Amino acid sequence: QVRLVESGGGSVQAGGSLRLSCAASGFHYTNYSMGWFRQAPGKDREGVAGISTDDTSTYAESVKGRFTVSRDNAAKTLYLQMNALKPEDSAMYYCAARFGRVSWWARLERSTYPDWGQGTQVTVSS
């Protein structure tokens with residue numbers, strides 16, 4: 001059974017950095033594509049970054065150049081390094097998983113991923 005547990009969220013000043021982690025268990029992690037999503041109050045959940053089984057990644061325009069997604073297959077962990085944070089980055093951040101390779105155009109689509117974690121809160125103050 002797929003289990004995803006996010007951690008690393010917190011409160012930070014604008015311009016600061018955070019690194020989110022997503023610990024995966026219950027499935028063969030290497031065979032899964034992974035994604036990071038976020039949802040602010042009153043807004044839809046949006047894709048932030050996605051990484052496929054071949055380590056290719058896709059980013060939302062709003063985070064390109066600031067966020068980096070990576071995966072450690074040995075540790076079964078997904079990461080999101082977030083730099084130059086802005087108040088508009090404040091949201092609950094979720095990781096998600098899907099078996100198999102995911103094409104670049106589908107990595108930021110919520111419907112691509114059937115399995116989700118519970119989220120970790122990120123708050124950026126100005």
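Just so it is clear, the structure is predicted and the values come from calculations on it, not from any experiment.
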Qualifying residues under salt bridge (charged side-chain N to carboxylate O under 4.0 Å, His left out), relative to [X], sequence neighbours excluded:
| X | value |
| --- | --- |
| D115 | none |
| K64 | E61 |
| R38 | E46, D89 |

* Partners of S52 by side chain to side chain donor-acceptor pair (under 3.5 Å), sequence neighbours excluded? ->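 Side chain to side chain donor-acceptor pair (under 3.5 Å) list for S52, sorted by chain: S33.
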* Asked: For Q39, what residues pass the side chain to side chain donor-acceptor pair (under 3.5 Å) criterion, not counting sequence neighbours?
  -> R45
* Indicate whether any N or O donor in one side chain lies under 3.5 Å from an N or O acceptor in the other, for T56 and R107. => yes
* Closest approach of L4 and M34, non-hydrogen atoms and distance? -> CD2-CE, 3.9 Å
* Structure fact -> Heavy atoms of G47 and A60 approach each other most closely as O-CB, 3.4 Å
Enumerate donor-acceptor pairs with a distance under 3.5 Å from any side-chain N or O in residues 117-126 to protein atoms, sequence neighbours excluded.
from: T120; atom 1: OG1; to: G9; atom 2: N; distance (Å): 3.1
from: Q121; atom 1: NE2; to: A91; atom 2: O; distance (Å): 3.3

So which pairs with a foot in [range] pass salt bridge (charged side-chain N to carboxylate O under 4.0 Å, His left out), sequence neighbours left out?
| range | answer |
| --- | --- |
| residues 7-18 | none |
| residues 70-82 | none |
| residues 92-101 | D54-R101 |

* Asked: Are M82 and V63 connected in a single hydrophobic cluster, I mean Ile/Leu/Val/Met/Phe/Trp/Tyr linked by side-chain heavy atoms less than 4.5 Å apart?
  ->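 Result: yes, single cluster for both.
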* **OG-CD1 distance between S57 and I51, expressed to the nearest 0.5 angstrom** =>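 Here the rounded value is 5.5 Å.
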* Show your working on side chain to side chain contact (heavy atoms under 4.5 Å, CB included) between T112 and R110 and close with a plain yes or no. => CA-CA 5 Å; T112 295; R110 183 175 179 177; over 6 Å; no
Check residues 12-30 and write down every donor-acceptor pair under 3.5 Å in which the side-chain atom is one partner and the other belongs to a residue at least two apart or another chain.
from: S17; atom 1: OG; to: N83; atom 2: OD1; distance (Å): 2.9
from: Y29; atom 1: OH; to: T77; atom 2: O; distance (Å): 3.1
from: Y29; atom 1: OH; to: L78; atom 2: N; distance (Å): 3.4

* To do: Kindly state each residue pair satisfying ring-ring contact (aromatic ring centres under 6.0 Å, His included) with at least one member in residues 98-126, sequence neighbours excluded.
  => Y32-F99, F37-Y113, F37-W116
* Does anything in residues 52-91 pair up under ring-ring contact (aromatic ring centres under 6.0 Å, His included), and if so which pairs, sequence neighbours excluded? ->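 Qualifying pairs: none.
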* To do: Could you please spell out the steps behind the side chain to side chain contact (heavy atoms under 4.5 Å, CB included) verdict for L80 and T68?
  => CA-CA 6 Å; L80 184 68; T68 303; over 6 Å; no
